[in-house]
Amino acid sequence: MDKLRMVGGSPLQGEVIIAGAKNAALPILCACLLTDQTITLRNVPDLQDVRTMLKLLQEIGVEVRFPDAADRSYVALNAGNIKSSEATYEMVKTMRASILVLGPLLARMHSAKVSLPGGCAIGARPVDQHIKGLKAMGATIKIEGGYIQAETPSPQNRLKGASILTDMITVTGTENLLMAASLANGTTILENAAREPEVGDLAELLVKMGAKITGIGTDRLVIEGVDKLHGAEHSVIPDRIEAGTFLCAVAAAGGEILVKHCRPGTLDAVIVKLQEAGLKMEVGSDWIKASMSGRPKAVSFRTSEYPAFPTDMQAQLMAVNAIASGNATITETIFENRFMHVQELNRLGADIAIEGNTAIAQGVEALSGAIVMATDLRASASLVIAGLAAQGETQVDRIYHLDRGYDRMEQKLTLLGANIVRVK
Ligand code: EPU
């Protein structure tokens with residue numbers, strides 16, 4: 001199992017180029033299932049979850065091509081000859097986002113069999129709202145042998161438009177229902193829809209494919225179903241979480257970096273908090289220049305749905321708080337178990353206590369390197385940030401979590417002058 005070994009204490013200096021957003025790319029790849037024509041994508045990040053999704057799509061029968069062998073971010077997908085409507089337990093257990101094939105397969109093939117995802121390190125993460133929405137659109141859904149078995153009312157029949165109000169805001173739930181509704185018969189109204197930019201990016205691709213969607217970017221999506229969708233070209237939006245992770249890295253380790261190819265408008269809540277922490281930022285149309293000297297100031301925050309502070313940045317900003325001057329309270333409202341990095345940060349010398357869904361961080365002057373273990377994707381990023389700020393050597397084990405969601409993170413950090421290596 002790969003590990004990352006780093007010696008902290010040197011400030012970051014230079015430029016970093018942000019890749020396409022993982023959480024936009026995953027549903028966007030699944031959207032290819034909605035048409036028999038080719039979908040050509042650019043700015044697809046080269047990371048493990050994307051490779052897993054491409055493998056799943058290939059198992060279903062999608063033809064995946066890289067038109068330029070030297071550029072993995074440019075992918076062409078054709079689902080003209082689908083041979084299966086199934087996502088196996090083997091696939092879903094490695095990546096929960098596999099659930100995103102359910103809506104499109106059901107809409108286009110009139111049946112789908114997708115393994116029910118189990119619990120997850122960060123929370124229970126049920127998919128009841130996905131199922132409830134598809135049932136409202138006329139699907140018959142049974143859970144059998146650990147699989148969600150979904151069918152439209154009859155093999156010839158399409159899903160039908162419906163008014164759906166989800167019990168809570170769900171990102172992949174909104175995406176699944178949005179894709180299904182695009183090919184349904186009639187109009188679907190999705191109330192309480194997730195407003196995350198990744199949902200908007202998927203909707204933009206669907207519109208290019210011929211879908212009729214209004215309300216993009218709002219919590220009320222209206223989808224007038226069409227008979228057929230067609231091929232399209234699309235460039236995935238930049239990853240706001242990757243950009244935010246590098247901003248936290250410079251806030252913790254100090255230095256001056258230029259974050260390029262990002263979309264600052266999707267990072268407002270993160271920028272506000274990092275400014276409060278003392279990070280100096282100059283913001284352009286697709287770049288952020290950030291510099292930090294001295295110790296950050298502690299900043300309290302609570303996670304919430306977009307446009308509020310993202311849960312996917314909680315662990316990284318906690319790492320900044322670990323070495324900040326002052327106390328911060330960090331409240332996690334989206335996932336009930338997303339504090340596993342706390343014990344590992346404490347192994348690096350942080351002073352963080354957990355009370356229910358709130359972590360109380362008492363900033364310390366300095367962290368000291370140690371061997372720590374990554375427990376999930378964003379927890380891994382927070383340990384890397386802490387390791388870059390710590391004195392001495394830190395080793396982060398189980399780095400496969402990081403590889404699921406970051407495109408060449410240690411290479412990008414090396415270019416910023418960090419002393420970091422991957423150990424096989
Ligand atoms: N929920 C339910 N029932 C459902 C769906 C969700 O109870 O049917 C609950 C969840 O358990 C959670 C809350 O609703 O407490 C929100 O979950 P959501 O469905 O929005 O999460 P998700 O769609 O499974 C996506 C991202 C996550 C990100 C969350 C929240 C993808 C592929 N994943 O997950 O990304 O944390 O939204 O923004 O888009 C990551 O990248 O590290 C990551 C975990």
Side-chain angles (χ1 to χ4, degrees), residues 19-31 45 47-50 52-53 56 92 94-103 114 116-136 141 143 148 164-179 190 192-202 219 236-237 239-245 266 269-270 302-316 332-338 340-341 357 374-382 401-407 409:
K22 167 180 83 82
N23 290 346
L26 295 173
I28 280 175
L29 290 168
C30 295
L47 37 84
Q48 192 53 47
D49 274 6
V50 164
T52 305
M53 185 61 87
L56 168 60
V92 179
T94 48
M95 188 184 62
R96 303 177 60 81
S98 308
I99 190 74
L100 284 164
V101 300
L102 178 63
V114 176
L116 189 64
C120 167
I122 61 176
R125 301 182 78 180
V127 291
D128 54 305
Q129 301 301 307
H130 304 228
I131 292 174
K132 178 178 115 172
L134 293 171
K135 278 186 177 165
I141 300 190
I143 309 290
I148 304 168
I164 302 166
L165 170 65
T166 46
D167 296 356
M168 80 289 296
I169 299 174
T170 156
V171 174
T172 50
T174 303
E175 292 163 346
N176 241 335
L177 298 176
L178 181 59
M179 289 189 275
L190 292 181
N192 207 20
R195 288 183 289 162
E196 269 64 7
E198 294 76 20
V199 178
D201 202 31
L202 168 67
D219 61 0
V236 176
I237 51 163
D239 198 314
R240 63 194 165 103
I241 306 301
E242 188 194 15
T245 300
T266 61
V270 174
R302 62 187 288 130
T303 64
S304 193
E305 292 87 2
Y306 190 83
F309 193 91
T311 173
D312 290 346
M313 283 299 304
Q314 178 254 107
Q316 300 90 314
E332 171 58 54
T333 74
I334 306 291
F335 293 113
E336 66 275 18
N337 196 26
R338 210 174 198 181
M340 279 180 308
H341 40 285
N357 69 343
T375 46
D376 70 73
L377 169 55
R378 308 302 169 187
S380 327
S382 102
H401 290 293
L402 190 83
D403 293 336
R404 290 186 54 177
Y406 287 91
D407 186 343
M409 188 186 227

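First listed ligand is number 1; within each ligand, the first listed atom is number 1. It should be emphasised that the depicted structure is a prediction, and the values quoted were computed from it without experimental measurement.
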Taking 4.0 angstrom as the limit and counting only heavy atoms of Ile169, give me the atoms of ligand 1 inside it, by number and element. 16 (C), 20 (O)

Region of Met53 engaging ligand 1 - heavy atom pairs below 4.0 Å: neither

Protein contact of atom 14 (O) of ligand 1 - nearest heavy atom, named by residue and atom, plus distance: Met168 CG, 3.5 Å

Backbone, side chain, both or neither: what part of Leu377 comes under 4.0 angstrom of ligand 1, heavy atoms only? side chain

For ligand 1, which part of Thr170 has a heavy atom less than 4.0 Å away: the side chain, the backbone, both, or neither? both

Would you check the N or O atoms of Thr311, main chain and side chain alike, for any that come under 3.5 Å of an N or O of ligand 1? no

Please round to the nearest 0.5 Å and tell me the distance separating atom CG of Leu100 and atom SG of Cys30. 5.0 Å

Counting from 1 in the order shown, the ligand 1 atoms closer than 4.0 Å to a non-hydrogen atom of Val127 are 4 (C), 8 (O)

Name all residues meeting the side-chain hydrogen bond (donor to acceptor under 3.5 Å, both in side chains) criterion together with Arg240; count only those two or more places apart in sequence or in a different chain, and write none if there are none. Glu198

Do Gln316 and Ser382 have a side chain donor and acceptor closer than 3.5 Å? no

In this structure, atom 5 (C) of ligand 1 is nearest to the protein heavy atom Pro126 O, 3.3 Å

Just distances here: any N/O of Ile334 and N/O of ligand 1 closer than 3.5 Å? yes

Counting from 1, what ligand 1 atoms have a heavy atom of His130 closer than 4.0 Å? 8 (O)

Can you tell me if Asp167 and Gln129 form a side-chain donor-acceptor pair at under 3.5 Å? yes

Interatomic distance, CD@Glu196 vs CD@Glu175, rounded to 0.5 Å, equals 8.5 Å

Distance-only N or O hit between ligand 1 and Val171, under 3.5 Å: yes

Between Thr303 and Glu332, a side-chain donor and acceptor under 3.5 Å: yes

Assess Arg338 for proximity to ligand 1: is some non-hydrogen atom of it under 4.0 Å away? yes

If the contact criterion is a heavy-atom separation under 4.0 Å, does Thr174 count as touching ligand 1? no

Please report whether ligand 1 has a polar contact with Lys22, defined as an N or O pair separated by less than 3.5 Å (distance criterion only). yes

Quick one: which of Arg125, Glu198, Gln129 has a heavy atom closest to atom 34 (O) of ligand 1? Arg125

Is there any N or O on Thr172 that sits under 3.5 Å from an N or O of ligand 1? yes

Using a heavy-atom cut-off of under 4.0 Å, does the side chain or the backbone of Phe335 touch ligand 1, or both, or neither? side chain

Any donor and acceptor pair, going by atom type alone, linking the side chain of Asn192 with main-chain N or O of Thr166 inside 3.5 Å? yes

Are any of the N/O atoms in Asn23 less than 3.5 Å from those in ligand 1? yes

Note the single closest protein heavy atom to atom 41 (O) of ligand 1, along with its residue, its atom name and the distance in Å. Arg378 NH2, 2.7 Å

Between CD1 on residue Ile241 and CG on residue Asn23, distance to nearest 0.5 Å: 7.5 Å

Note, Lys22 side chain near Asp407 side chain (heavy atom, < 4.5 Å): no

So, does Asn176 use its side chain to make a donor-acceptor pair with the main chain of His130 at under 3.5 Å? no

Protein contact to atom 3 (N) of ligand 1 [nearest heavy atom, distance to 0.1 Å]: Asp128 OD1, 2.8 Å

Residue, atom name and distance, where the atom is the protein heavy atom closest to atom 43 (C) of ligand 1: Asp312 OD1, 3.4 Å

Thr52 side chain to Met95 main-chain N or O, any donor-acceptor pair under 3.5 Å? no

Evaluate whether atom CZ of Arg125 has more than 12 neighbouring non-hydrogen atoms of other residues, nucleotides or ligands under 6.0 angstrom away. yes

